[in-house]
S.K.: 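Attaching a single structure in structure tokens format; questions to follow.
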Amino acid sequence: MSTTGAVSAGAADRDARTEATDRTEGAEVTDPAGGTDERLRRWRLVLGGEDADGTGCALTGQDAAMDGTLGALYGNGKGGRARAGQERSAGLGASAPAVARWLGDIRTYFPSSVVQVMQRDAIDRLGLSTLLLEPEMLEAVEADVHLVGTLLSLNKAMPETTKETARAVVRKVVEDLEKRLATRTRATLTGALDRSARISRPRHQDIDWNRTIAVNLKHYLPEYRTIVPERLIGYGRASQSVKKEVVLCIDQSGSMAASVVYASVFGAVLASMRSIDTRLVVFDTAVVDLTDQLDDPVDVLFGTQLGGGTDINRALAYCQSQITRPADTVVVLISDLYEGGIRNEMLKRVAAMKASGVQFVTLLALSDEGAPAYDREHAAALAGLGAPAFACTPDLFPEVMAAAIEKRPLPIPDTGSPAR
């Protein structure tokens with residue numbers, strides 16, 4: 001490792017240690033004289049110790065144990081001072097028991113949000129992916145969306161003895177997401193379905209005043225400064241029959257792992273609504289229709305295969321062939337838009353669907369992480385067709401779907417919306 005590389009690695013380690021330290025409510029360190037210096041304690045935890053850290057602060061008890069767990073992952077501050085050719089001193093050993101003990105330690109000393117960050121760092125920095133193929137490891141980890149993405153990417157290499165444990169981990173995450181997202185999604189979309197069913201003789205409480213005023217402007221009476229509403233437009237009430245069709249078309253390339261998890265959960269929620277006929281399609285260079293598995297999003301997730309190439313045009317061709325009522329259909333493409341297929345055909349297909357009355361929504365990501373790397377040229381081309389591409393959080397997704405169902409402008413966020 002070069003000196004410059006060592007300094008960069010050390011800076012990255014200190015940044016990671018800083019985040020963990022800042023988000024932890026640990027015990028303060030008391031010096032022998034009885035005084036307390038919280039700032040020195042925190043700097044000591046950030047810098048990782050040794051004489052050169054400059055704090056002169058010694059850690060004891062829980063703080064020393066906490067520092068040990070940080071040092072195992074991020075090193076003990078040597079990264080920024082390493083000579084050329086030296087490596088950082090960090091490591092959890094090569095055995096699952098050692099890692100399992102470390103996972104238990106970080107849950108003891110850090111809150112859940114920090115534990116999840118440190119787990120991801122351990123997988124990325126120390127190459128622990130293969131250890132996740134062991135049942136005892138899976139039982140020790142803190143489950144979150146990112147871990148599910150990692151497990152799905154390892155699915156094909158996973159031994160049979162591990163698969164049941166992996167499914168249990170994935171199911172826990174999915175059930176937590178459903179509890180968080182399902183009620184609000186159903187309520188928001190039920191309201192949108194009600195409002196999309198317009199009636200001409202509404203009850204007073206069901207009158208859509210904005211549309212009623214718009215269609216009656218020609219009946220304005222200047223002398224009374226009022227409008228005579230000769231025609232009333234109201235919100236209908238959605239029946240139990242199918243009112244809308246939704247097609248979720250999901251890119252399963254490796255960078256879309258979190259989006260695949262959230263989309264599968266939302267697909268299951270939408271499929272549980274009788275007024276919406278939901279279809280879920282995943283693709284790389286091949287296209288797989290997982291609609292018949294929507295009653296269990298865990299089955300959907302294990303039916304995906306993260307990684308590989310991308311053929312958006314082929315996926316959209318399949319989705320287009322499944323549309324029977326274009327004016328009542330919403331197609332949601334979730335992709336970073338790196339097209340490996342025929343670009344011009346992809347754009348023509350989107351234009352044709354929109355011309356037939358389909359509401360087309362393009363999401364660069366469906367996650368809390370903002371927009372990933374994406375093809376800006378394709379995003380701009382889709383925006384030119386009236387299908388703006390933007391990153392969407394899970395909390396915003398119900399509002400996006402409601403707007404698409406009602407055929408009104410999409411609530412594109414001010415940030416993370418690169419193409420409009």
Side-chain angles (χ1 to χ4, degrees), residues 192 196 244-253 255-256 259-260 262-263 266-267 270 276-291 308-366 371-392 396-397 399-413 416-420:
S196 68
K244 295 290 181 180
E245 296 181 3
V246 174
V247 181
L248 299 177
C249 186
I250 310 169
D251 183 344
Q252 59 177 352
S253 58
S255 61
M256 304 298 294
S259 297
V260 171
Y262 281 113
F266 277 117
L270 295 177
I276 299 178
D277 183 15
T278 305
R279 184 171 294 277
L280 189 143
V281 176
V282 298
F283 68 93
D284 41 38
T285 52
V287 180
V288 180
D289 192 329
L290 297 175
T291 302
T310 308
D311 193 338
I312 302 173
N313 177 59
R314 186 175 183 180
L316 291 181
Y318 176 80
C319 294
Q320 189 177 23
S321 71
Q322 302 301 305
I323 296 173
T324 58
R325 298 187 299 147
D328 294 317
T329 299
V330 179
V331 174
V332 183
L333 172 65
I334 305 174
S335 173
D336 55 15
L337 301 180
Y338 285 111
E339 171 64 317
I342 307 172
R343 174 185 186 274
N344 290 337
E345 288 299 313
M346 176 190 77
L347 297 175
K348 287 180 182 178
R349 209 170 292 284
V350 174
M353 282 191 274
K354 287 188 63 65
S356 70
V358 171
Q359 297 296 301
F360 196 93
V361 179
T362 310
L363 302 181
L364 300 171
L366 178 55
Y374 65 96
D375 190 305
R376 294 180 178 273
E377 184 179 350
H378 288 164
L382 287 172
L385 296 174
F390 58 97
C392 178
L396 180 63
F397 185 73
E399 301 297 336
V400 170
M401 291 302 300
I405 286 172
E406 295 182 61
K407 300 184 178 181
R408 55 183 171 82
L410 301 179
I412 300 175
S417 50
R420 295 174 178 268

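Hydrogens, waters and symmetry mates play no part in the numbers below; they use all other heavy atoms, side chains included.
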S.K.: Are more than 12 heavy atoms, taken from residues, nucleotides or ligands other than L385, located less than 6.0 Å from that residue's CG atom?
M.R.: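 Counting other residues, nucleotides and ligands, CG of L385 exceeds 12 neighbours.
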S.K.: Within a strict 4.5 Å, meaning less than it, do heavy atoms of the F360 and L316 side chains meet?
M.R.: yes
S.K.: Please say whether more than 12 non-hydrogen atoms of neighbouring residues, nucleotides or ligands are located less than 6.0 Å from NZ in K407.
M.R.: yes
S.K.: Counting C-beta onward and ignoring hydrogens, is there a side-chain heavy-atom pair between V350 and L333 closer than 4.5 Å?
M.R.: no
S.K.: Do the side chains of D251 and D336 get nearer than 4.5 Å, heavy atoms only?
M.R.: yes
S.K.: Before giving the answer on side chain to side chain contact (heavy atoms under 4.5 Å, CB included), spell out for I323 and M353 the whole-Å C-alpha distance, their side-chain angles and the decisive distance to 0.1 Å.
M.R.: CA-CA 9 Å; I323 296 173; M353 282 191 274; 3.9 Å; yes
S.K.: Tell me the closest heavy-atom pair linking S335 and I312, and the distance in Å.
M.R.: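 Nearest pair, atom of S335 first, then I312: OG-CD1, 3.6 Å.
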S.K.: Among L248, D289, T329, find the one that has a side chain to side chain contact (heavy atoms under 4.5 Å, CB included) with R279.
M.R.: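 Single side chain to side chain contact (heavy atoms under 4.5 Å, CB included) partner of R279 among L248, D289, T329: D289.
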S.K.: So do I250 and M256 actually touch side chain to side chain, heavy atoms under 4.5 Å?
M.R.: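 The answer is no, as the side chains (C-beta and beyond) never meet within the 4.5 Å cut-off.
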S.K.: Quick one: CG on L382 to CE on M346, what's the gap to the nearest 0.5 Å?
M.R.: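 Here the interatomic distance stands at 5.0 Å.
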S.K.: Which atom names give the shortest non-hydrogen contact between P326 and S356, and what distance separates them?
M.R.: CB-O, 3.2 Å
S.K.: A side-chain contact here means heavy atoms from C-beta on lying under 4.5 Å apart; do F397 and L363 qualify?
M.R.: yes
S.K.: Whether the side chain of Y338 engages the backbone of Y374 through a donor-acceptor N/O pair (distance < 3.5 Å, no angle test) should be reported.
M.R.: yes
S.K.: Below 4.5 Å, heavy atoms only, C-beta onward: do F390 and V400 meet side chain to side chain?
M.R.: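 F390 vs V400: side chains touch.
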S.K.: When rounded to the nearest 0.5 angstrom, what is the spacing between NE2 in H378 and CG in L364?
M.R.: 12.5 Å
S.K.: How long is the straight-line distance from CD of Q359 back to CD of E406, given to the nearest 0.5 Å?
M.R.: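 E406 CD to Q359 CD: 11.0 Å, rounded to 0.5 Å.
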S.K.: Rounded to the nearest 0.5 Å, how far apart are CG of L347 and CD1 of I342?
M.R.: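 Answer for the CG-CD1 pair, L347 versus I342, is 11.5 Å.
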S.K.: Closest approach of V330 and M401, non-hydrogen atoms and distance?
M.R.: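 Residues V330 and M401, closest heavy atoms: CG1-CE, 4.1 Å.
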S.K.: Do any N or O atoms from the side chain of T310 and from the backbone of D284 form a donor-acceptor pair under 3.5 angstrom?
M.R.: no
S.K.: Check S259 against A365 and note the closest heavy-atom contact, atom names and distance.
M.R.: OG-CA, 3.5 Å
S.K.: Quick check: do D311 and F283 have side-chain heavy atoms less than 4.5 Å from each other?
M.R.: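 No. Closest side-chain heavy atoms not under 4.5 Å.
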S.K.: Are the side chains of T362 and L337 in touch, meaning some heavy atoms are under 4.5 Å apart?
M.R.: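 Side-chain contact under 4.5 Å: yes.
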S.K.: Please name the pair of heavy atoms, one in P413 and one in L396, separated by the smallest distance, quoted to 0.1 Å.
M.R.: CD-CD2, 3.8 Å
S.K.: To the closest 0.5 Å, what do you measure between CD (Q252) and CG (L290)?
M.R.: 8.0 Å
S.K.: Roughly how far, to the nearest 0.5 Å, is the CD1 atom of I276 from the CD atom of E245?
M.R.: 11.0 Å
S.K.: Can you give me the closest heavy-atom contact between G386 and K354, atom names plus distance?
M.R.: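 Shortest heavy-atom contact: O-NZ, 3.4 Å.
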